[in-house]
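Here the structure comes first, spelled out in C-alpha cells, and everything after it is commentary.
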Amino acid sequence: MADSKTSSSDAGRAEAVARPDRYDPQSIEQKWTERWAQNPALYCAEPSTSARKKYYVLEMLPYPSGALHMGHVRNYAIGDALARYMWMQGYNVLHPMGWDSFGLPAENAAIANQTPPREWTLGNIEKMKRQMNRMGFSYDWSKEVTTCLPEYYRWNQWFFLKFYERGLAYRKKSKVNWCPKCATVLANEQVLSSGCCWRHEDTVVEQRELEQWFLRITDYADELLRDLDNLPDWPDKVKTMQRNWIGRSEGALVDFNLDGLAGPGGDKITVFTTRIDTIYGATSLQLAPEHPLVTDLIANDPGLLAKVEDLMQEQVRAKEAGDVGGIEKHGVDTGHFAINPFNGERVPIWVANYVLLDYGTGAIMSVPAHDERDYEFAKKFDLDIRVVIYPRREGDAPGGEPNEPLLPFVETNSLLINSGQWSGMPSGDAIEKMSQHAEEHGFGKATVTYRLKDWGISRQRYWGTPIPMIYCAGCGIVPVPEKDLPVLLPENVEITLAGGSPLGKVPEFANVSCPQCGGAARRETDTMDTFVDSSWYFYRYTDPTLSDKPLDSDIVGYWFPIDQYIGGVEHAILHLIYSRFWTKVMRDMGLVRNAEPVERLFTQGMVIKGGAKMSKSLGNVVSPDEMVARYGADATRMYTLFAAPPDRDLDWQDAGVEGVSRFVSRVYRFVARNAKPDHPGWNASHDGEMSPAARRMQRAVHQTIKHITEDFGGRWHFNTSVSFLMSLVNELYAYEESVQGDKNHPSKQGVSGAPAGSDGAPAPLALMAEVQRKLVLMLAPFAPYLAHELWEMLGETSDLLRAPWPQYDPELAKEEEVEYAIQVNGKIRSRIVVAADATEDQVRERALADEKVKAAIAGKEMVKVMVVKGRLVNIVVK
RNA sequence: GCGAAAGUGGCGGAAUUGGCAGACGCACCAGACUUAGGAUCUGGCGGGUAAAACCGUGGGGGUUCGAGUCCCCCCUUUCGCACCA
C-alpha cells in the first residue's frame, strides 16, 4: 500500500482527498447514502411468509419539530445497531419509523409564522427524514406512518366508533384540567405532580367544567396491573411507576347516616376505607372541601362557607408555590353529626384539606389512633383518639395498657379491642368479616378503588383527529356512520388560542345534517388527544397501505409482539399505559391475538451537557447536523453509544467525539493499507506455527466477537462493545508492526518476517484477511458507512446488511497463560504466569520456586494462599 | 416523608459469579516523524517513593485467605411518588 511518507509533502497535498489513507467521512457517507437511496428495498422487511424468524425492533416515533436532537440520535443509534445486528443474525427484521405529527406546536407555529399546520408539519417531516437518512439509519420507509394524514387518522376515528359501540367511549360533564397556555384540556396523566401543565411547567392547571369524551381505561385497570407481572423484560422502574399510577387499593365503602335532619343533598355520607377494622375508633368524618355535600350542610352559615373556601384557596396557593407534599392540615367543623352504623355512635362531620375529592368517595372516617394523618389532625384540633387495635411492637407480651407513645398504631398484625362483638379478632380477619357484615346489613360493601381515572381525550384544538360524533337536537348523540369516515380536518382554518375549539368557528365543518333523521345537527368540534395516535401506530407499520381496515390480523400476528421497544423513560406512564390499554381493547375486538404490545422495553438515558438537560435557554444544545458535518455520521452515532451505557444519562463532551472520530479514521487507515498488504513481511514463509503476535491478535478477535455478541444478547453495554473494538484495532496495529516494522520508523522499514523472539513463522495473508473481515462485520452495527466502505475495499461483494455475524471459537478466545497472585500470610508477595492448563501441583511448584516467595517465607512458619480467577491453591509450609 | 437507582483518577466510564481496581477513550506529559502540526506513530499517566514499602472505589463498622462487589449504620446526588384513607 502507498506509504504515507512518499506522498506526504507538497505533491501529496493536492491529492490529499484522493489518498486512500486519509479518512474522509463526508465523501464516503455521501457515496453510500446515494447508493442506499437507489435501492429502496434494501431495508424492507420481508413478508410474513419469510423463512427467516421475525424480529420487530422499534424506536419511539418522534414529534416532527423540525430538527433531530441528540436524544433522537442516541435513541435511533441504539435501535439501528440492534436492527443491523439482528439482520446479520439471520432474522427478518421490521424496523420502521414514522411521525407523531398532530399536536400543539404546529398550531403555535401557525400563529407565529402564518403557516398552515399541515404545511409546517410536512415540511418538518421532510427535513427530519433527510437527517435520519444522513445518519444512515436502516429504516424500512415503505412502512412509514404519518399520524396527521387522513390515511392514518381515519382509523383513530374508526377505533373511536368501535370503542363507543363497546361502551368504552362516553361523554360526561366533569371538572377537567385546563391549561390556559395550551387553551385546552389535559388528561390527568398530563398534569405534573406540581399541578402544572406537562408542556408548560410554570403554568398551574385550572379546573373547569366541560363536556368531554372519555375512554374507559379503568375497565382495564385490573388487567393492566396484573399483566405487568407478565413483562419480565420491562424495567422494574417502569413497572413500578405504572403500578403506582394505577394505584389499586382494596377496601370497603361504609354509609354513615346523617343525624337528625336529612341533608338536602341526601341522607348519608359514604366513606371509603381500607381499614374497616378500625371503625370503632372513628371519632369524626372528614369531607374533602370540594365534596358536594359540604355546601348543603353549611349553606346557612356564611362564616363556615368562607372558611371552606379558604381551605380550597390554600391548596391552590400551595400548588403554585410548588409545596405539594407538606401542606399543613386544616379543617372546619360543620357542626353536624353522622351515625356510625357499627356502634350507633354520633360522630362530628368536619371538612379537611387533606381529604382528596377524586380518590375514593371524597369522604373518610377519621381514626386518629390508627392513621398517621388522622392522628396529626386530631392532635391539632383536639378530637377524640380512641384505640381499637391493641398497639404492640414485635416482642411485646400480650395484655397491658395501650401505649400512647406507640400511636398512631397503623400495623395490622394485632387484635381488635374496644370493638364490641369484634374485640379479640385479628385485624386481618376483621377487615374481611366486618365488610361482610356491612354488606349483609345494607350499609356498606367491600370494594376496590383505583387512582387511575378514565382517559379524557377531548381537546379544544385544531391540529388533531376530529372526533367522529354528531349532536342532533332530536336524536341526541349520533356517531358518524363508518362509511362516512374519515371526517376530514378542514384546511384554511383560522387558529387562535382563544375562544374554544377552532373547528367550532368553521360553519361548513360544524353544521351537518343528522345521519339518523337528516335534520340540522352540529358536529363535535373537539379533536382527540395526540396520545390516541401513538397508542396503536406500531400496528399500522405492519401494513400502512391498507385502505379498508386499520390492520391485517394475520400480518400483525406474525410481527407481534414488538420484540424490542426503545425510548425515553419519560413515556413510562402516558404513552406506555395507553398503548397497553389499546392493545387489550383490540384483543377483545378480535383484531389482535397478543395481550401486550411490547415484549422487551428499553429506556435509554437522556443526553445532557454540563450536568443539565440540553436546552436553548442554557445554550448547551449540541446539534447533530454540526457534528455530522464535522466528524461524520458514523463517529457521531458511535460516540453516543461509546460515551455511556445506554440506560444511563450521557454527559456530552465535544472532545469525546473527537476521540471516536480518531478511532474511526484509524480503522479506515488500517484496512486501506492492509486490504491487500504488499509488504514482503506478509509473504515470508511460515511453518504452520503462529507467531505470538499473531496468536495474540487472533485471541483478541475472538474475545471481541464473544464480548459483543453477549452484549447484544444481554446487557446492552455498547460502550464496552465499542471499547473492545478499539482494543482490537490496537492489537491489529501491534501485529502489523510486528510483521513489517514500524512504518513511521524508516530504520525499521523493510524488516521482513517476525521480530526477534518469535518462532519465525509470521501469520499468513489469509489470517490478516480473515481478521479484517471479522472486524468490519463487527463494525457494521455501530458505524455502517465505514463498514460498508471497508467491506468493499476488502473485495467483498455480498450485502453487508445480511452478511452473517461472525462466530467465535471459545478455544481461540481462551487465554493461554494465567497469572496467579501469590499471597503469603494474607499479603500478595509475588505474581507468576502459568500455562492455563497447568495442574494444581505444577502451579504450587512454580510458586515455591519463585524468588520473591522464597524470600518471603524464609525462616517462617506459615500458610500461603495463591489466588486468581476463582482458582485457589493452598500450600501449607511448616 | 416513602420508594428506586447511583457515588470509582483531572473527565466520560471499565471491572457478569467476591480474585491484578482504573479496561477503552478524553485531557495531560515525553519522544519519533516533520518547514509546520490542532495530523500521525510510540511510550507514560490514581496518590506516594530515587526505587520500593505503603495508601487508595462517599464515610464508619463487619464477614472473608481476599471486598468497588456481600452484610449493618450513616452521608450525598439523581429519579419516581408525595396527604391515595
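These figures come from a predicted structure and were not determined experimentally. The basis for the numbers below is simple: all heavy atoms, side chains too, and nothing from hydrogens, waters or symmetry mates. Convention: sequence-line order gives letters A, B, ...; per-chain numbering from 1.
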Given the C1' atoms of U8(B) and A14(B), what is the spacing between them in whole Å?
10 Å

Would you call the rings of H707(A) and F724(A) parallel, tilted or perpendicular, where under 30° means parallel and over 60° means perpendicular?
parallel

Between G58(B) and C41(B), how far apart are the C1' atoms? Round to whole Å, please.
41 Å

Mutual orientation of the aromatic rings belonging to Y668(A) and Y23(A) [parallel < 30°, tilted 30-60°, perpendicular > 60°]
tilted

Watson-Crick or G-U pairs under 3.5 Å in RNA chain B, rendered as dot-bracket with [ ] for crossing pairs and | for another strand:
(((((((..(((......[....))).(((((.......))))).((......))..(((((..]....))))))))))))....

Between C73(B) and C24(B), how far apart are the two P atoms, rounded to whole Å?
38 Å

Ignoring hydrogens and angles, state whether a donor on the side chain of R451(A) or N244(A) is under 3.5 Å from an acceptor on the partner side chain.
no

Look at atom CD of Q26(A) and say whether more than 12 heavy atoms of other residues, nucleotides or ligands are closer to it than 6.0 Å.
yes

base_contact_polar (C79(B) base, K237(A) side chain, donor-acceptor, <3.5 Å)
no

Hey, is the side chain of N244(A) poking within less than 4.0 Å of OP1 or OP2 on G80(B), counting only N and O atoms?
no

Within the pair R662(A) and A39(B), is there a side-chain N or O less than 4.0 Å away from OP1 or OP2?
yes

Heavy atoms of E736(A) and N674(A) approach each other most closely as OE2-ND2, 3.0 Å

Taking atom C1' in both U69(B) and U64(B), compute the distance separating them and give it to the nearest angstrom.
13 Å

When rounded to whole Å, the CG to C1' distance for the pair D654(A) and A27(B) reads 14 Å

Mind checking D651(A) for me? I need base, sugar-phosphate or nothing, with any heavy atom below 4.0 Å counting as a touch.
nothing

Interatomic distance at P, G13(B) relative to C65(B), whole Å
36 Å

Taking only side-chain N and O atoms of S249(A), does any of them lie within less than 4.0 angstrom of OP1 or OP2 on A85(B)?
yes

Is K329(A) positioned over the aromatic face of F377(A), cation under 6.0 angstrom from the ring centre and no more than 45 degrees off axis?
no

If each of S723(A) and M365(A) is mapped to the nucleotide of RNA chain B with the nearest heavy atom, which maps nearer the 5' terminus, i.e. the 5' end?
S723(A)

Whole-Å distance, D647(A) CG to G13(B) C1', equals 13 Å

Give one of base, sugar-phosphate or nothing for D649(A), where a contact means two heavy atoms less than 4.0 Å apart.
sugar-phosphate

Using a heavy-atom cut-off of under 4.0 Å over every strand shown, decide if T240(A) touches base, sugar-phosphate, or nothing.
nothing

NE2 of H707(A) versus P of A23(B): gap in Å, rounded?
15 Å

Nearest-nucleotide pick for A655(A), side chain only, options being G12(B), A23(B), C26(B)
C26(B)

Mutual orientation of the aromatic rings belonging to H575(A) and H571(A) [parallel < 30°, tilted 30-60°, perpendicular > 60°]:
perpendicular

Among A14(B), G12(B), A85(B), the one nearest any side-chain atom of F642(A) is G12(B)

Heavy atoms only, 4.0 Å cut-off, all strands: where does G659(A) land among base, sugar-phosphate and nothing?
sugar-phosphate

Proximal nucleotide (of G12(B), A14(B), C81(B)) relative to the T720(A) side chain
A14(B)

With a 4.0 Å cut-off on heavy atoms, is E710(A) in touch with a base, just the backbone sugar-phosphate, or nothing at all?
base

With syn defined as a glycosidic angle within 90° of 0 and anti as the rest, where does G9(B) land?
syn

Taking the side chain of P645(A) as its heavy atoms from C-beta onward, which of C41(B), G13(B), G12(B) lies nearest to it?
G13(B)

Is D222(A) salt-bridged to R248(A), cutoff N-O under 4.0 Å?
yes

Phosphate contact (C41(B) OP1 or OP2) by R669(A) side-chain N/O below 4.0 Å
yes

Does the side chain of R715(A) get closer than 4.0 angstrom to OP1 or OP2 of A15(B) through an N or O atom?
yes

Could you work out the separation of C74(B) and G7(B) based on their C1' atoms and round it to a whole Å?
14 Å

For the pair made of CZ in F712(A) and C1' in U16(B), what is the distance, rounded to whole Å?
18 Å

The test is side chain to side chain contact (heavy atoms under 4.5 Å, CB included); show your working for V701(A) and L728(A) and say whether it passes.
CA-CA 6 Å; V701(A) 172; L728(A) 175 60; 3.6 Å; yes

May I ask you to say what N730(A) touches in the nucleic acid, namely base, sugar-phosphate or nothing, with a heavy-atom cut-off under 4.0 Å?
sugar-phosphate

Within this structure, what is the CD-to-C1' distance between Q242(A) and G80(B), rounded to whole angstrom?
13 Å

Between H571(A) (NE2) and C79(B) (C1'), how many Å, whole number?
16 Å

If the cut-off is 4.0 Å, is R648(A) near the phosphate of A14(B), judged by side-chain N/O to OP1 or OP2?
yes

Which atoms form the tightest heavy-atom contact between V657(A) and T636(A), and what is the distance?
CG1-CA, 4.5 Å

Reckon V355(A) touches a base, only the sugar-phosphate, or nothing at all at heavy-atom distances under 4.0 Å?
base

Select one nucleotide: of U42(B), C24(B), C83(B), the one nearest the side-chain heavy atoms of M726(A).
C24(B)

Can you check the distance between A39(B) and U49(B), where both ends of the measurement are the P atom (answer in whole Å)?
33 Å

Hey, is the side chain of Y354(A) poking within less than 4.0 Å of OP1 or OP2 on A85(B), counting only N and O atoms?
no

Whether F782(A) and F712(A) hold their rings parallel, tilted or perpendicular, with breakpoints at 30° and 60°
parallel

I608(A) CD1 - U77(B) C1' separation (whole Å)
12 Å

Mind checking the P distance from G9(B) to G60(B)? Whole angstroms is fine.
15 Å

5′-ward residue of the pair G656(A)/R666(A) relative to RNA chain B:
G656(A)

Distance, rounded to the nearest Å, where N719(A) contributes CG and A23(B) contributes P
14 Å

